[in-house]
Amino acid sequence: MNTLETLPVTLDDVLEAQKLLEGIITRTPVESSRALGGMVGGDVFFKCENLQRAGSFKVRGAYVRMARLSPEEKKRGVVAASAGNHAQGVAVAAKSLGIKARIYMPLGVALPKLAATRSHGAEVILHGHNVDEALAEAQRYANESGTVFVHPFDNVDVVSGQGTVGLEILEQIPNVDTILMGVGGGGLLAGVAVAVKARARELGREIRIIGVQAENAAAYPPSLAADALVPLKKVSTMADGIAVGRPGQLPFSIIRELVDDVVTVSEDSLARALIFLLERAKLVVEPAGAVGVAALMDGKIENPGTTAVILSGGNIDPMLMLKVIQRGLSAAGRYMTVRMMLDDRPGSLATIARIIAENDANVTGLDHTRVGGSISMGDVSITVNLETKGHEHCEQVLGALRAEGFQPIVVH
């Protein structure tokens with residue numbers, strides 16, 4: 001393992017970034033979670049970067065990068081690309097520094113993120129179907145126009161700025177044993193690892209740093225295994241803030257030396273984590289910010305001890321939140337949709353309603369169809385949406401329906 005001093009970003013870089021950010025960013029709070037701590041058998045704290053300016057940690061790195069530009073570079077302006085959080089961070093930093101900003105965002109970007117970026121004064125250009133295509137266009141424009149390109153993670157100043165989150169955690173939770181956070185390109189994970197590992201060495205103790213990725217957008221595990229950047233052929237996750245198909249070269253060079261592990265979580269686990277944060281912590285967090293909570297709830301972290309989870313952002317589209325809540329409730333057995341065929345005669349539907357009521361489930365929606373390619377004459381297809389109370393209750397309802405001769409098929 002290389003010494004900390006030979007890495008491209010050092011503790012001194014992060015400390016200098018912290019000075020630059022004084023009076024610019026919010027020192028976000030740390031909240032304890034007794035509920036999650038009880039699940040994992042240790043103290044768990046949330047570092048609430050979802051409450052940061054512009055709704056995520058991204059403003060830290062963006063501001064440090066742009067504050068260090070020369071007067072001539074600032075005059076030329078900056079260009080960036082992002083699905084949302086980096087875009088808003090760059091827009092806020094540009095406004096604070098009086099720099100003109102152009103930001104490329106994918107065509108399908110969430111409307112709240114698009115509106116927020118524009119509200120901070122940045123010019124927004126919609127281009128491409130994903131972040132990688134937007135990044136390529138932003139880089140092309142920078143090369144053509146001479147505008148300064150502000151990369152979301154593959155830059156020394158950006159990584160240094162993100163590392164200031166780690167310094168705050170050490171001040172707010174001095175006895176922390178494990179720090180979890182989401183990882184896309186790797187800027188936050190690399191910066192926090194540099195700051196925390198260097199401080200831990202000074203204190204003569206070990207602090208584990210663990211990254212978490214959505215399993216359908218997990219480029220780091222294969223890259224670390226190969227000790228080389230391994231781009232993904234496809235990225236598909238609700239966690240758009242970490243939907244990056246290729247690790248950043250600079251963050252990767254740090255992460256492979258300092259980070260203890262990178263684990264993955266499923267989409268259902270992400271949905272459950274978001275529901276947990278809403279119900280038990282009263283916190284609105286976007287999917288990318290909830291991956292650390294999902295990893296803890298899934299038991300992916302052994303012996304975590306006193307744990308800090310960085311809730312990296314809170315910029316979630318309400319429409320996505322609606323879908324995530326439905327998926328999370330379904331994954332927890334609190335929402336179920338069943339379909340079954342009935343004889344098309346009076347009383348069949350009443351029997352279904354009676355069984356459901358007797359088993360204390362609640363009907364929230366119903367579709368009754370007589371016509372369709374798979375529906376025989378004299379039959380009717382019925383789809384019922386139910387509120388349930390967990391997986392055991394779901395099985396109870398299904399069992400009661402089967403006992404009366406019905407053949408329910410669980411849709412989700």
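The figures here come from the full heavy-atom set of this structure, side chains too, leaving out hydrogens, waters and symmetry mates.
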Is there a donor-acceptor contact under 3.5 Å from the side chain of N85 to the main chain of G55?
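No.
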[X]/[Y] ion pair, N-O < 4.0 Å:
{"X": "R27", "Y": "E171", "answer": "yes"}
{"X": "E22", "Y": "K19", "answer": "no"}
{"X": "R334", "Y": "E279", "answer": "yes"}
{"X": "R60", "Y": "E168", "answer": "yes"}

In sequence, state the C-alpha distance, the side-chain angles, and the governing distance for L170 and V196, and then conclude on side chain to side chain contact (heavy atoms under 4.5 Å, CB included).
CA-CA 7 Å; L170 293 178; V196 171; 4.2 Å; yes
Taking atom types as modelled, find out whether S56 and E49 have a side-chain donor-acceptor pair closer than 3.5 angstrom.
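No, no side-chain donor-acceptor contact under 3.5 Å.
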Exercise: identify the closest heavy-atom pair between F149 and Q139:
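Shortest heavy-atom separation between F149 and Q139 comes out as CD2-OE1, 3.1 Å.
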At their closest point, which heavy atom of L277 faces which heavy atom of A290, and how far apart are they?
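Scanning both residues completely, I find the closest heavy atoms to be CD1-CB, 3.8 Å.
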Working for side chain to side chain contact (heavy atoms under 4.5 Å, CB included), residues S312 and M181:
CA-CA 7 Å; S312 56; M181 72 209 77; over 6 Å; no
Is the shortest side-chain heavy-atom distance between T26 and L51 below 4.5 Å?
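T26 vs L51: side chains apart.
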Would you call K113 and E286 a side-chain contact if the rule is heavy atoms closer than 4.5 Å?
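K113 reaches E286 side chain to side chain.
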Taking atom CZ of R402 and atom CD1 of I355, what is their separation to the nearest 0.5 Å?
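These two atoms lie 12.0 Å from each other.
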CG/L4 to CD/E257 distance, rounded to the nearest 0.5 angstrom?
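One finds 10.0 Å between CG of L4 and CD of E257.
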Plane angle bin for F46 and F276 - parallel if under 30°, tilted between 30 and 60°, otherwise perpendicular:
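Perpendicular.
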Take R246 and L135, measure what side chain to side chain contact (heavy atoms under 4.5 Å, CB included) needs, and give me the verdict at the end.
CA-CA 12 Å; R246 184 178 184 274; L135 274 170; over 6 Å; no
